[in-house]
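One structure below.
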Amino acid sequence: MKKTIIIAEAGVNHNGDIQIAKRLIDVAAEAGVDYVKFQTFKTKNLVSQKAAMASYQEANLGSKSSQFEMIKKLELDIEAHHILKEYCAIKKVNFLSTAFDLDSIDLLEKIGIDFYKIPSGEITNKPYLEKIASKGKPIVMSTGMCDMEDIRKAFNTLCDHGANRSTITILHCNTQYPTPLSDVNLNAMDTIREEFGVDIGYSDHTLGIEVSLAAVAKGAKILEKHFTLDRKMKGPDHKASLEPSELKQLVILTRNIDIALGSKEKKPSPSESQNIPIARKSVHLSVALKKGTSLTKDHFAMKRPGHGISPMEYEKLIGEVINKDLPSDHLLTYDDLIK
């Protein structure tokens, strides 16, 4: 069984506080996720002084300050990254972070991560894509705000600059926090998988966990979901994040779906094999017959149990001669026939 890789997106829900970040790691580890992910950036490299906030950020923060002012408070320095990675190791959960600028890619390379996560906002940033491709690690790419041509150009850029296409996973995504159900469009996962022939996943910004679970059922290999200690905390992403109990439930249900999906082979399962003779039917006699009678279709009744001659084989019995007197309702066997 291949289990879905679950990325618990702490993002900037630490509010710039290393102790809150550690508590988020505690929650992720206890829930049983595979990775807890933060965000790595230098504010001066990410946004200009005049960049406006998204409408959902203004609504969640209740203010109209600039992106620069908002993000600067959420920036983690190099020392914090080392502390958090070491703490993840102690808690036995994998550390991950998303780089949002070129310098941050280098920082994560030095710290050491298993793969690079490309956020939706960087999918049209060609120098960024080229640099990540050059690192030679697996890549997970979110596609919020994208049409297929956007994805195509980014994918080709990655492959042209050293990325191995077989190690690229593309995540369907919508970047509205929270995403309205009417805008989710999970069927786009199929379109992406069919065109690029790569593993697909889903980065979920909806409220609740049902859409995440639907994505897993549709074949998501990677599932990413924001979480927080408390949705009432002040910050841009808390309101669209799961609380600890919900994250734990998401992991439990995802693992159940992983088990239920099984393999692509269709065959009787171990648990149901015992029911085959009980639920299926065999060829029985509809009337009592004397020795020497030549069987016709009218002599047959298809009844349970199913451990005799299958009704799929009844035509082979027509014209055969029975070797002894047999009662009505008799389960016919090949031993009842003249050989």
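Looking only at side-chain heavy atoms (C-beta outward), I25 and Y87 come within less than 4.5 Å of each other. You'll find the side chain of P268 reaches within 4.5 Å of the side chain of S273, heavy atoms only. Residues I309 and Y314 fail the side-chain proximity criterion, which asks for heavy atoms closer than 4.5 Å. Using a 4.5 Å heavy-atom threshold, the side chains of L331 and P305 count as touching. Side-chain contact check for I113 versus F95: some heavy-atom pair is nearer than 4.5 Å. Using a 4.5 Å heavy-atom threshold, the side chains of I168 and C159 count as touching. Side-chain contact between L223 and I7 is absent, with no heavy atoms from C-beta onward closer than 4.5 Å. Side-chain contact between K221 and Y202: absent, with no pair of heavy atoms (C-beta onward) separated by less than 4.5 Å.
To the nearest 0.5 Å, the span separating CD1 on I6 from OG1 on T4 amounts to 6.5 Å. Here the straight-line distance linking atom CG of D336 with atom NZ of K291 works out to 12.5 Å at 0.5 Å rounding. Rounding to the nearest 0.5 angstrom, the gap separating the SG atom in C146 from the NZ atom in K153 is 11.0 Å. Taking CG of L295 as the start and NZ of K316 as the end, the distance is 15.5 Å to the nearest 0.5 Å. Going from atom CG of L108 over to atom CZ of F115 covers 11.5 Å, rounded to the nearest 0.5 Å. Taken from NZ in K281 to CE in M312, the straight-line distance is 14.0 Å, to the nearest 0.5 Å.
Remark: E30 CD is loosely packed, at most 12 non-hydrogen atoms of other residues, nucleotides or ligands lying under 6.0 Å away. Atom NZ of K137 sits in a crowded spot, with more than 12 heavy atoms from other residues, nucleotides or ligands closer than 6.0 Å. The environment of R23 atom CZ is sparse: at most 12 non-hydrogen atoms of other residues, nucleotides or ligands sit within 6.0 angstrom. Around the CD1 atom of I318, the shell of radius 6.0 Å holds more than 12 heavy atoms that belong to other residues, nucleotides or ligands. The environment of CD in E79 is sparse: at most 12 heavy-atom neighbours from other residues, nucleotides or ligands sit within 6.0 Å. Heavy-atom contacts from other residues, nucleotides or ligands closer than 6.0 Å to CZ of R193 number more than 12.
Between D199 and R165 there is no salt bridge, since none of the side-chain N atoms of the basic residue sits less than 4.0 Å from a carboxylate O of the acidic one. With respect to E195 and R152, a salt bridge is recorded, a charged nitrogen being found less than 4.0 Å from a carboxylate O. A salt bridge does not link E122 to K117: none of the charged side-chain nitrogens sits closer than 4.0 Å to a carboxylate oxygen. We find that E224 and K37 are joined by a salt bridge, their nearest charged nitrogen and carboxylate oxygen being less than 4.0 Å apart. Taking 4.0 Å as the cut-off between side-chain N and carboxylate O, K3 and D258 do not count as a salt-bridged pair. Ion pair D101/K44 not flagged as a salt bridge, since none of the NZ, NE, NH1 or NH2 atoms sits closer than 4.0 Å to an Asp/Glu carboxylate oxygen.
The two atoms that bring A279 and R304 nearest to each other are O-NE, 3.1 Å, heavy atoms only. Closest of all the heavy-atom pairs between L186 and K218 is O-CE, 3.5 Å. Between K267 and E272, the closest heavy-atom pair is O-OE2, 4.0 Å. Residues L289 and I322 approach most closely at CB-CD1, 3.5 Å, considering heavy atoms. Contact detail for I222 and T169: the closest heavy-atom pair is CD1-CG2, 3.9 Å. Nearest heavy atoms, K225 versus G208: NZ-O, 2.9 Å.
Hydrophobic clustering, with ILVMFWY side chains joined whenever heavy atoms are under 4.5 angstrom apart, keeps M145 apart from I200. Y177 and L207 sit in two unconnected hydrophobic clusters of ILVMFWY residues. Membership requires side-chain heavy atoms under 4.5 Å apart, directly or through other members. In the hydrophobic clustering of this structure, V216 groups with L253; members are Ile, Leu, Val, Met, Phe, Trp, Tyr whose side-chain heavy atoms approach within less than 4.5 Å, directly or through other members. In the hydrophobic clustering of this structure, M233 groups with V36; members are Ile, Leu, Val, Met, Phe, Trp, Tyr whose side-chain heavy atoms approach within less than 4.5 Å, directly or through other members. Each of L332 and I338 belongs to its own hydrophobic cluster when Ile, Leu, Val, Met, Phe, Trp and Tyr are linked at side-chain heavy-atom distances under 4.5 angstrom.
A distance-only check finds no donor-acceptor pair linking the side chain of S142 to the backbone of P119 [under 3.5 Å]. Counting only distance, with no hydrogens or angles, the side chain of E9 and the backbone of G11 share a donor-acceptor pair below 3.5 Å. A side-chain donor-acceptor contact under 3.5 Å links N13 to the backbone of F227. No side-chain donor-acceptor contact under 3.5 Å links N275 to the backbone of I278. With T293 contributing its side chain and V321 its backbone, the two residues share no donor-acceptor pair below 3.5 Å. Side-chain atoms of T143 come within 3.5 Å of backbone N or O of L171 as a donor-acceptor pair. Formation of a donor-acceptor pair under 3.5 Å by the H330 side chain with backbone atoms of L326 is not found in this model. Side chain of S263 to backbone of E265: a donor-acceptor contact under 3.5 angstrom is found. In this structure, S282 contributes its side chain and G308 its backbone to a donor-acceptor pair below 3.5 Å. Using a distance-only test at 3.5 Å, with no hydrogens or angles considered, a donor-acceptor pair links the side chain of E75 to the main chain of T43.
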Exercise. Test side-chain contact (heavy atoms from CB on, under 4.5 Å) on I83 and I18 and set out the steps.
Key: CA-CA 9 Å; I83 291 171; I18 194 73; 4.3 Å; yes

Practice problem: Could you check D34 against R255 for salt bridge (Lys or Arg N to Asp or Glu O under 4.0 Å), going step by step and ending with a plain yes or no? | Solution: CA-CA 12 Å; D34 299 290; R255 297 299 175 233; 2.9 Å; yes

Quiz item: Can you check side-chain contact (heavy atoms from CB on, under 4.5 Å) on L158 and M141, steps first, answer last?
Solution: CA-CA 10 Å; L158 293 172; M141 181 171 69; 4.0 Å; yes

Exercise. Let me see the working for N174 and V184 under side-chain contact (heavy atoms from CB on, under 4.5 Å), right down to the final yes or no.
Key: CA-CA 7 Å; N174 182 295; V184 169; over 6 Å; no

Quiz prompt | Trace of the side chain to side chain donor-acceptor pair (under 3.5 Å) decision for T206 with D204 | solution = CA-CA 6 Å; T206 64; D204 185 14; 2.7 Å; yes

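Side-chain contact annotation: H205 with D237, donor-acceptor N/O pair under 3.5 Å absent. Using a 3.5 Å distance cut-off with no hydrogens or angles, the side chains of T98 and Q39 do not pair a donor with an acceptor. Side-chain contact, T40 with H81: a donor N or O sits under 3.5 Å from an acceptor N or O. No side-chain donor from either of Y334 and E320 sits under 3.5 Å from a side-chain acceptor of the other. For the residue pair S166 and N164, a side-chain donor N or O sits within less than 3.5 Å of a side-chain acceptor on the partner. Side-chain contact annotation: H238 with N15, donor-acceptor N/O pair under 3.5 Å present. Side-chain atoms of T333 and D335 form no donor-acceptor pair, as typed in the model, at a separation below 3.5 Å.
With ring centers used as reference points, Y128 lies 6.0 Å or more from Y116.
With sequence neighbours excluded, no residue satisfies salt bridge (charged side-chain N to carboxylate O under 4.0 Å, His left out) with D325.
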